[in-house]
Amino acid sequence: MPIWNPEYETMAREDLRELQLRRLQTTVAWVYERVPYYREQLQARGVHPKDIRSLDDVRLLPFTDKTALRDTYPFGMFAVPLEEVVRVHSSSGTTGKPIVVGYTRGDLNTWTELTARIASAAGVTAKDRVQMAFLYSMFTGGWGMHYGIERIGATVFPAGAGNTERHLMMMQDFGTTALVCTPSYALYIAEVAEQQGIDVRSLPLRVGLFGGEPSGEGMREEIERRLGILATDNYGLSEVMGPGVSGECEHQCGLHVAEDHFLFEVVDPETGEPVGEGEEGELVITTLTKEAFPVIRYRTHDLTSIDTSPCACGRTSARMRKVRARTDDMLIIRGVNVFPSQIEDALMQIEGVEPHYLIVVNRDGPMDDLEVRIEVAEAIFSDTMADLVGFTRKVAEKIYSVVGLHAKVTLVEPGTIERTAGKAKRVIDNRRVE
Amino acid sequence: MSLLSVRGLDKRFGGVHAVRDLSFDVHPQTIKALIGPNGAGKSTVFNLLTGFERPDAGSATFEGIDLTGRPPHETVRMGLARTFQESRLFDTMTVEENVLVGMHLRLSASFGLAAIRSPRVRREEREAREEAAHVMRLVGIDRYRDTRASDLPHGVRRLVELARALATRPRLLMLDEPAAGLDGRETADLGEVLLRVRDAGTAILVVEHDMGLVMGISDEVVVVDQGRKIAEGPPLIIQKDPAVLEAYLGEVSDGA
């Protein structure tokens with residue numbers, strides 16, 4: 001498979017670390033001068049950009065969490081005036097105020113370069129016909145991959161998410177060779193195809209680039225078997241860039257990290273201290289070239305480990321293990337980030353809902369399924385059936401307005417949801433991500 | 001893969017190692033700037049890419065074909081155009097005529113033989129004028145169509161040169177210090193024109209000294225010093241790169 005940018009992707013690790021240090025120094029000087037939040041954080045610790053003399057000195061810098069990015073809504077973390085920002089995206093599925101991220105012309109060029117690398121690593125070339133089944137919206141997924149694939153010179157079909165029958169029609173009629181979407185949507189496409197008697201395995205489709213949600217090896221095998229393709233995993237998050245942060249090559253042995261643009265640390269989620277290579281911990285990312293929205297030691301809450309041993313593909317970059325779990329309670333359902341507290345906020349706004357609820361996530365079929373069980377006041381059950389249906393719909397609409405997902409709402413009688421002595425169990429995630 | 005791929009370019013002049021192991025890419029529909037302090041080797045790189053010098057080692061491939069050492073009339077046919085630091089306009093000709101001269105490089109029939117006026121020649125001439133009009137609109141000089149080049153202000157002359165280069169329908173345009181001698185207003189206008197040219201589908205490699213122009217239009221910057229690439233990345237943040245600061249600091253103290 002071709003390596004898109006051999007100069008950087010196969011750079012000797014020693015040179016790469018030197019480049020990372022210089023870019024880290026550049027970024028720290030940049031945020032110190034331009035982002036009041038970071039300057040205050042550094043000053044509070046008595047740290048000056050000149051204190052960064054080695055890569056380990058990154059630990060002198062404070063961690064940054066989601067709250068800081070949210071509290072400065074909308075543009076408070078931008079390092080450039082809005083005139084220099086040519087695109088704005090925001091995080092998915094958040095209630096009220098999302099995290100808003102910006103890109104300069106230079107940032108978009110970097111982003112395009114990085115998604116081009118990932119698509120190349122998966123084996124996409126100028127000859128491919130690539131069908132996009134990611135959402136094109138404020139969400140970064142669709143746009144980020146789109147431009148990288150265009151830069152490679154492949155033919156792009158920007159179909160967007162949803163309308164599965166149309167996707168299948170295009171796949172057959174346009175001779176699609178590559179598919180870009182979430183892994184769960186890939187399985188849903190497989191299911192609909194099977195229902196309609198379409199044998200996707202006999203179509204020209206040969207490779208998939210999947211991201212946006214955690215998935216395990218079992219799911220990969222199922223996608224590969226049912227669609228008859230090579231399924232590759234890629235990783236990214238809006239706060240850092242979007243897709244393009246890391247991605248698998250054809251050897252499927254971990255996601256190659258774009259280390260010339262991001263500094264990765266893996267830390268103990270409790271103590272914040274670094275863990276050894278190969279040990280699991282929370283991924284912390286510092287951007288090294290971002291102009292509009294640089295982040296310093298961003299706590300991703302994603303659990304992974306790092307491997308710097310050589311890969312058969314020839315890339316020298318470190319590889320991160322597929323993300324299978326998180327340190328916080330954030331759920332990723334159909335590619336949308338959902339915190340249980342958001343659903344709770346929505347429920348508490350409805351009269352008649354008791355403060356006892358249970359969120360159940362299933363993956364019976366290929367798509368994630370969100371169910372919310374709520375206890376309701378006795379009075380509600382004395383209403384007519386029609387009233388109950390109306391009430392259920394009202395709750396579902398409220399949840400939709402907050403998290404952007406359709407939930408199945410089940411009303412249960414007071415006292416039927418299990419009470420626990422300690423922290424209430426609010427979530428049952430039945431999806432097996434092995 | 002990329003439009004222009006420069007790999008390991010190397011050039012010595014006697015004892016001077018002017019360009020050392022230089023690599024970078026220019027992608028379709030992007031603007032890449034090559035910057036560096038005086039004497040960094042920028043002009044030598046430009047001359048190597050435009051066939052005025054031959055490299056001692058390395059390659060520069062344009063859509064997979066090596067450019068180095070090829071004469072300009074060949075590279076123009078491949079889809080590559082350039083402008084020069086000094087004006088090369090024909091002063092007695094109008095703006096439109098100057099642009100048509102640029103187009104002439106890729107036309108099969110010659111206007112010199114237009115006296116014969118065969119239907120084919122007439123059709124070609126009409127098409128050429130339509131395209132010249134298009135290019136003049138793109139760079140914003142259509143109102144000077146019938147003005148003699150000698151009567152134009154300096155900034156407009158620069159745009160006419162740009163239009164003439166674009167008339168060859170290049171996929172890559174290489175510009176050697178296009179803002180040299182322009183005032184602030186003219187430089188800003190030039191920047192806007194270059195962004196329009198990029199959006200219309202032509203990639204640009206620009207060697208430039210004016211940092212304001214570079215920062216305002218580039219997708220990516222390569223910084224060279226003493227013939228070597230010392231930094232590469234997005235144009236704004238790169239100004240904080242310690243190696244870039246050091247190179248330019250050297251220039252400031254040398255000049256003092």
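Convention: sequence-line order gives letters A, B, ...; per-chain numbering from 1. Hydrogens, waters and symmetry mates play no part in the numbers below; they use all other heavy atoms, side chains included.
Residue A:Tyr8 holds its OH atom at 9.5 Å from CG of B:Asp25, rounded to the nearest 0.5 Å.
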Begin from the C-alpha positions of A:Thr26 and B:Ile238 and carry the test side chain to side chain contact (heavy atoms under 4.5 Å, CB included) through to its verdict.
CA-CA 7 Å; A:Thr26 305; B:Ile238 210 163; over 6 Å; no
Evaluate the criterion side chain to side chain contact (heavy atoms under 4.5 Å, CB included) for residue pair B:Leu195 and A:Arg105; output intermediate values, then yes/no.
CA-CA 11 Å; B:Leu195 286 174; A:Arg105 197 186 307 286; 3.7 Å; yes
If you apply the rule side chain to side chain contact (heavy atoms under 4.5 Å, CB included), what do you find for A:Arg23 with B:Ile237, and how did you get there?
CA-CA 9 Å; A:Arg23 289 183 166 177; B:Ile237 196 170; over 6 Å; no
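Looking at B:Lys32, there are no atoms closer than 4.5 Å to chain A (heavy atoms on both sides), in backbone or side chain. Contacts between A:Thr289 and chain B at a heavy-atom distance below 4.5 Å involve backbone atoms as well as side-chain atoms. Within the 4.5 angstrom heavy-atom criterion, no atom of A:Thr112 approaches chain B. Contacts of A:Ala29 with chain B are made by both backbone and side-chain atoms, with heavy-atom separations under 4.5 Å.
Put simply, of B:Gly233, B:Ser23, B:Ala231, the one with the most heavy-atom pairs under 4.5 Å next to chain A is B:Ser23. Most heavy-atom pairs under 4.5 Å with chain B, from the set A:Glu291, A:Glu113, A:Glu84: that is A:Glu291.
Looking only at side-chain heavy atoms (C-beta outward), A:Glu7 and B:Glu232 come within less than 4.5 Å of each other.
Salt-bridge annotation for B:Asp241 and A:Arg22: present, with a side-chain N of the basic residue lying under 4.0 Å from a carboxylate O of the acidic one. With respect to the salt-bridge test (charged N to carboxylate O, under 4.0 angstrom), the residues A:Glu33 and B:Lys240 qualify.
Remark: A:Glu18 CD is loosely packed, at most 12 non-hydrogen atoms of other residues, nucleotides or ligands lying under 6.0 Å away.
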